[in-house]
Engineer: 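So that we are looking at the same thing, I have put the structure below in structure tokens.
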Amino acid sequence: MSTATHDSPTAPAGVGRLSRLDRFLPLWIGLAMVAGLLLGRLVPGLDSVLDAVAVGGISLPIAIGLLIMMYPVLAKVRYDRLGTVTGDRRLLVSSLVLNWLVGPALMFALAWIFLADQPAYRTGLIIVGLARCIAMVIIWNDLAGGDREAAAVLVALNSVFQVVAFGLLGWFYLAVLPGWLGLSGTGLAVSGVDLAGNVLIFLGIPLLAGYLTRRLGERARGRDWYETRLLPRIGPAALYGLLFTIVILFALQGDAITGHPLDVARIALPLLVYFAVMWAGSYLLGRAVGLGYPRTTTLAFTAAGNNFELAIAVAIGTFGIASGQALAGVVGPLIEVPVLVGLVYVSRWARHRLFPTTAARS
């Protein structure tokens, strides 16, 4: 997002202060969530209208919002620097371990600890833990001053693994592992073709658009014009896309959220623990292996974020829109969005204390 910082074209990501627009981002997000809930409650049949057309199993308005949100940030990536990321084995190995071993296992444990008597909610949470983030994490990383090129690589890596591993891990955590532990299990039917289509739409389209925009823009007018003139014009669209997505998402699920406040609170508790543990653990790991502030920040947000769009689509497609599994998926963004926005500020605060060298350069 061009509004995220007042960086110079050659400055590291995250240098400078948040703009006035982004400093009030928690307020805008809170208002968007409230507006969505009110729309869902006050406009009869709105959820049916919004959900009438789907792309990749996701409501078309949400799909449009996600694409608008991701495009400007991916247009900011310097694709000629991706080689420096793919050669960083510490970052890649750490990300794969955190996303595909630690994250799903932690969510499985928390779901059984907090929701042992609620099999539907428990299953929904486990599905959330399996869906690794490939969308909103790009926004959080950019606001926190993370490494944009690293974020692009890790999101692409997670996308590939999501296609290959999501169904397999769903079978393992919902059917096999509970059986080994003497617990009750369930099944999960997920189409690999649908997952591949989901990734192609929600990562492939904005990634290609962002790459072509930079390539053609720099070829026509040069990098200085591209980064000082063009990016500031298209950058605010990322924030607008984020807020639009939140409004539509909560309008779609307003009845489910406001109609079960106690259940929402029960589902929220393990989610809060999950986001805190995953983000803090990843942040400390990045510092311990010497990644530096930008890539440590990217590692933490890509590990803590979840693809709630995919989780909701899978839960609804498998168990139905009125199921407890779907409600658990809906509560995911209700908790994740404000928590990760808060962690953006925690990350920027921690930079000066845990990465003094980076802070001094800034």
Side-chain angles (χ1 to χ4, degrees), residues 29-30 32-33 36-37 40 51 57-59 62-63 65-66 69 99 103-104 106-115 118 120-140 158 162 166 169-170 173-174 188 190 198 202 242 245-261 263-279 301-343:
I29 287 178
M33 293 168 69
L37 290 173
D51 207 28
I58 297 174
S59 169
I62 292 181
L66 291 173
M69 176 185 72
N99 275 287
L106 176 61
M107 189 69 90
F108 174 86
L110 292 173
W112 274 99
I113 290 171
F114 287 94
L115 297 168
Q118 296 287 343
Y121 298 156
R122 186 179 65 237
T123 298
L125 273 189
I126 293 172
I127 293 173
V128 170
L130 300 177
R132 312 314 299 171
C133 195
I134 65 170
M136 282 194 179
V137 67
I138 293 177
I139 293 286
W140 314 138
N158 278 337
Q162 197 149 256
F166 186 91
L169 288 176
Y173 279 106
L174 293 174
L188 181 64
V190 180
N198 186 286
F202 296 109
L242 171 65
T245 302
I246 291 172
V247 170
I248 299 300
L249 177 66
F250 283 86
L252 275 168
Q253 304 297 337
D255 285 338
I257 293 172
T258 58
H260 304 83
D263 290 346
V264 168
R266 287 200 61 184
I267 297 169
L269 185 56
L271 283 169
L272 285 170
V273 175
Y274 173 84
F275 292 131
V277 171
M278 284 298 295
W279 188 89
F301 280 99
T302 52
N306 290 86
N307 187 350
F308 59 79
E309 308 92 352
L310 174 61
I312 293 171
V314 169
I316 291 175
T318 305
F319 302 100
I321 193 169
S323 65
Q325 292 88 344
L327 177 61
V330 170
V331 176
L334 176 70
I335 306 303
E336 177 177 340
V337 169
V339 167
L340 292 191
V341 169
L343 289 174

Engineer: Just wondering, do F301 and L343 contact through their side chains at under 4.5 Å, heavy atoms?
Structural biologist: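 In contact.
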Engineer: Of all residues at least two apart in sequence or in a different chain, which pass the side-chain contact (heavy atoms from CB on, under 4.5 Å) check with L37?
Structural biologist: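 Once residues adjacent in sequence are excluded, the partners of L37 under the side-chain contact (heavy atoms from CB on, under 4.5 Å) criterion are F250, I257, T258.
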Engineer: Looking only at heavy atoms, which two atoms of G329 and V128 are closest? And how far apart?
Structural biologist: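 The answer is CA-CG2, 3.9 Å.
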Engineer: Would you name the heavy atoms of A315 and S323 that are closest together and state the gap between them?
Structural biologist: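 Taking every non-hydrogen atom into account, O-OG, 4.2 Å.
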Engineer: To the nearest 0.5 Å, what is the distance between CG (N158) and OG1 (T302)?
Structural biologist: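 Separation between the atoms: 6.5 Å.
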Engineer: Between V331 and Y121, is there a side-chain heavy-atom distance shorter than 4.5 Å?
Structural biologist: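 Of all side-chain heavy-atom pairs linking V331 with Y121, none is under 4.5 Å.
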Engineer: Calculate, to the nearest 0.5 Å, the distance between atoms CE and CG belonging to M278 and L340 respectively.
Structural biologist: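 It is 11.0 Å, given to the nearest 0.5 Å.
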Engineer: Once rounded to the nearest 0.5 Å, what's the spacing between atom CD1 of I248 and atom CG of L66?
Structural biologist: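 CG of L66 is found 11.0 Å from CD1 of I248.
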Engineer: Closest approach of L169 and P104, non-hydrogen atoms and distance?
Structural biologist: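 Nearest heavy atoms, L169 then P104: CD1-CG, 4.5 Å.
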Engineer: Using a 4.5 Å cut-off on heavy atoms from C-beta on, say whether the side chain of M33 contacts that of L334.
Structural biologist: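 Heavy-atom side-chain distance check passes, below 4.5 Å.
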Engineer: For the CD1 atom of I267 and the CD atom of Q118, what is their distance to the nearest 0.5 Å?
Structural biologist: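 So the CD1 of I267 and the CD of Q118 are separated by 8.0 Å.
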Engineer: Taking the side chain as every heavy atom from C-beta outward, state whether N306 and F275 have any pair of such atoms under 4.5 Å apart.
Structural biologist: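 In contact.
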Engineer: Shortest non-hydrogen contact from P338 to P333?
Structural biologist: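 What the structure gives for the nearest pair is CD-O, 3.9 Å.
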Engineer: Quick one: does any side-chain atom of Q162 pair with a main-chain N or O of R132 as donor and acceptor, under 3.5 Å?
Structural biologist: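 Side chain of Q162 to backbone of R132: a pair is present.
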Engineer: Going through the distances and angles, do R266 and F114 end up as a side-chain contact (heavy atoms from CB on, under 4.5 Å)?
Structural biologist: CA-CA 8 Å; R266 287 200 61 184; F114 287 94; 5.9 Å; no
Engineer: So how far is it from L130 CG to N307 CG, rounded to the nearest 0.5 Å?
Structural biologist: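 If we round to the nearest 0.5 Å, L130:CG and N307:CG are 11.5 Å apart.
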Engineer: If I take atom CG from residue L125 and atom OH from residue Y274, how far apart are they, to the nearest 0.5 angstrom?
Structural biologist: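 Between atom CG of L125 and atom OH of Y274 there are 10.5 Å.
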Engineer: Mind checking whether Y173 and F108 have parallel, tilted or perpendicular rings, split at 30° and 60°?
Structural biologist: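 The arrangement is tilted - the two ring planes meet at 30° to 60°.
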